[in-house]
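Each remark here refers to the structure printed beneath this line.
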Amino acid sequence: MVNVNGNLIDDDKAVLAINNRGYTYGDALFETLRINSGTILFWEDHYFRLMASMRVLRMQIPMQFTPEFLEKEIIDMVTQNGLIDATARVKLIVNRVSGGLYTPLSNEIEYCISVSPLDSGFYLISDEQYEVTLFKDHYIAADLLSTLKSNNKLVNILGGIFANDHDFDNCLLMNSNKMIIEALNGNLFLVKNNKIKTPPLSDGCLKGVLRTQLLRILEKLTEYEVEEDSISPFELQKADELFVTNVITGIQPITKFRKKTYTVDTSKRLLGILNAKIRLGD
């Protein structure tokens with residue numbers, strides 16, 4: 001079942017209007033959430049990111065869109081799909097209502113919630129090789145809109161096709177200044193000695209929820225020097241370690257880029273801390 005504007009509908013009966021603005025213009029935002037046994041991980045960060053993004057896009061936030069209302073809608077969906085005691089992936093999409101061409105007739109919104117099962121209740125790291133390459137066919141603008149989780153993901157889509165066609169596990173994306181900003185499906189972190197670096201939001205990287213969580217964790221680990229700064233392509237092969245983060249996978253170590261292979265020690269340590277944080281409900 002899916003939730004469309006508060007109405008529960010069977011998957012095979014849910015329809016999308018041909019003039020839906022999320023479909024016709026990409027006039028939509030989404031949040032991808034991980035649910036463990038009825039608990040939405042990092043819900044506060046997801047909620048406030050969604051609200052801030054809706055304000056940037058001049059969407060009218062409904063009065064009932066409180067954290068409590070949306071949390072209940074999400075948990076009800078998980079329950080209806082028989083996944084309340086399992087681990088699930090939830091996608092919450094918000095789009096502006098139909099009407100108008102490029103300029104909308106209204107800033108009111110619609111929403112839908114869908115859910116699918118996940119395998120593990122905690123984040124895991126695979127021992128398999130994970131090789132990436134640079135995607136240089138298209139670039140992402142270094143501006144505020146690029147930091148939003150919007151439906152405008154053509155660069156990511158084309159990067160995914162490129163990775164599949166050339167047998168890579170992922171691609172690293174660059175902004176118009178030729179700086180590395182992220183992977184196709186998450187934020188990038190670079191480790192060199194005791195320094196951990198991730199691109200700043202001003203470079204156009206997604207304001208990832210797990211990125212935020214890791215930066216909070218790293219603030220308390222005094223043995224690391226943490227820096228939000230631009231990463232050039234030349235730095236990648238000098239790094240000891242590279243990893244990608246998102247709320248579904250957790251931490252995905254990169255083991256190979258071109259002729260360089262990387263360690264995974266920091267990734268494993270941070271993943272252990274992250275899992276402990278989830279277990280304690282922090």
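Everything quoted here is computed from the prediction, not taken from an experiment. For reference, positions follow the sequence shown, starting with 1.
Of the possible donor and acceptor atoms, none in the side chain of K277 sits under 3.5 Å from a partner among the backbone N and O of Q213. The backbone N or O of R96 lies less than 3.5 Å from no partner atom in the side chain of N107, so there is not a single donor-acceptor pair. In this structure a side-chain-to-backbone donor-acceptor pair under 3.5 Å is present from D169 to E131. Not a single donor-acceptor pair under 3.5 Å links the side chain of N3 to the backbone N or O of M77. Remark: side-chain polar atoms of N156 are not paired, donor with acceptor, to backbone N or O of G159 under 3.5 angstrom. With hydrogens and angles disregarded, a donor-acceptor distance shorter than 3.5 Å links the side chain of E182 to the backbone of L206. Looking at D10, its side chain never comes within 3.5 Å of a backbone N or O of K13 through a donor-acceptor pair. Formation of a donor-acceptor pair under 3.5 Å by the N81 side chain with backbone atoms of L83 is not found in this model. A side-chain donor-acceptor contact under 3.5 Å links T212 to the backbone of G208. Judged purely by atom type and a 3.5 angstrom limit, R49 has no side-chain atom pairing as donor or acceptor with the backbone of E31.
Ionic pairing of D240 and K260 is not present here: no N-O contact between side-chain nitrogen and carboxylate oxygen is shorter than 4.0 angstrom.
The shortest distance between side-chain heavy atoms of H46 and V247 falls below 4.5 Å. Side-chain atoms of V94 and E110, non-hydrogen and from C-beta on, never get closer than 4.5 Å to each other. Using a 4.5 Å heavy-atom threshold, the side chains of V90 and T32 count as separate. The shortest side-chain heavy-atom distance between F30 and L92 does not fall under the 4.5 Å cut-off. In this structure, the side chains of N170 and Q252 stay at 4.5 Å or more apart for every pair of heavy atoms. For the pair K149 and L29, the minimum side-chain heavy-atom distance is 4.5 Å or more. A 4.5 Å side-chain heavy-atom check between W43 and L33 finds at least one atom pair inside the cut-off. Taking 4.5 Å as the limit, some side-chain heavy atom of N36 sits within range of a side-chain heavy atom of I278.
Sequence neighbours left out, the pairs with a member in residues 154-197 that pass ring pair (Phe, Tyr, Trp, His ring centres under 6.0 Å) are F135-F162, F162-H166, F189-F243.
Evaluated for a side-chain contact (heavy atoms from CB on, under 4.5 Å) with L274, the options T245, L41, L210 yield exactly one hit, L210. Partner of E228 under the salt bridge (charged side-chain N to carboxylate O under 4.0 Å, His left out) criterion, out of K207, R211, K195: R211 alone.
Other residues, nucleotides and ligands place no more than 12 heavy atoms under 6.0 Å from the CG atom of D119. Enclosure of atom NZ in K178 is not indicated, since only 12 or fewer non-hydrogen atoms of other residues, nucleotides or ligands lie within 6.0 angstrom. Annotation: E128, atom CD; neighbour count of heavy atoms from other residues, nucleotides and ligands within 6.0 Å does not exceed 12. Heavy atoms of other residues, nucleotides or ligands lying less than 6.0 angstrom from NZ of K153 number more than 12. Within 6.0 Å of CD in Q129 there are more than 12 heavy atoms belonging to other residues, nucleotides or ligands.
A pairwise comparison of heavy atoms in N151 and G26 identifies CB-O, 4.1 Å as the closest pair. Smallest separation of non-hydrogen atoms from K238 and K192: O-NZ, 3.0 Å. When all heavy atoms of G204 and I140 are compared, the closest pair comes out as O-CG2, 4.2 Å. Nearest approach of N152 to Y25, heavy atoms of both residues: OD1-O, 4.1 Å. Between A183 and L173, the closest heavy-atom pair is O-CD1, 4.0 Å. Here the closest heavy-atom approach between residue V264 and residue P253 is recorded as CG1-CB, 3.6 Å.
Summarising the hydrophobic clusters (Ile, Leu, Val, Met, Phe, Trp, Tyr; side-chain heavy atoms under 4.5 Å, direct or chained), the residues clustered with I254 are Y130, V132, L134, Y139, L172, M174, I180, L188, L190, I231, L236, L242, V244, F257, Y262.
I217 is connected to I251 through a chain of hydrophobic side-chain contacts under 4.5 Å among Ile, Leu, Val, Met, Phe, Trp and Tyr, so both are in one cluster. A chain of hydrophobic side-chain contacts below 4.5 Å, direct or via other Ile, Leu, Val, Met, Phe, Trp or Tyr residues, connects F48 to L57. Each of L50 and V209 belongs to its own hydrophobic cluster when Ile, Leu, Val, Met, Phe, Trp and Tyr are linked at side-chain heavy-atom distances under 4.5 angstrom.
The CG atom of D76 sits 10.0 Å away from the CD1 atom of I74 when rounded to the nearest 0.5 Å. The distance from atom CG of L218 to atom CG of L221, rounded to the nearest 0.5 Å, is 5.5 Å.
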Open item on the list: For a side chain to side chain donor-acceptor pair (under 3.5 Å) check, start with the C-alpha distance between E73 and Y111, then their side-chain angles and the critical distance, and finish with the verdict.
Closed with: CA-CA 11 Å; E73 291 282 275; Y111 69 95; 2.6 Å; yes
Open item on the list: Please determine whether side chain to side chain donor-acceptor pair (under 3.5 Å) holds for the pair S230 and D203, giving the CA-CA distance in whole Å, both sets of side-chain angles, and the decisive distance to 0.1 Å.
Closed with: CA-CA 7 Å; S230 298; D203 273 4; 2.7 Å; yes
Please tabulate, for side-chain N and O atoms in residues 266-273, each donor-acceptor pair with protein atoms closer than 3.5 Å (sequence neighbours left out).
residue	atom	partner	partner atom	Å
T266	OG1	E241	OE1	3.3
S267	OG	E241	OE2	2.6
R269	NH1	E223	OE2	2.4
R269	NH1	Y224	OH	3.3
R269	NH2	E223	OE2	2.6

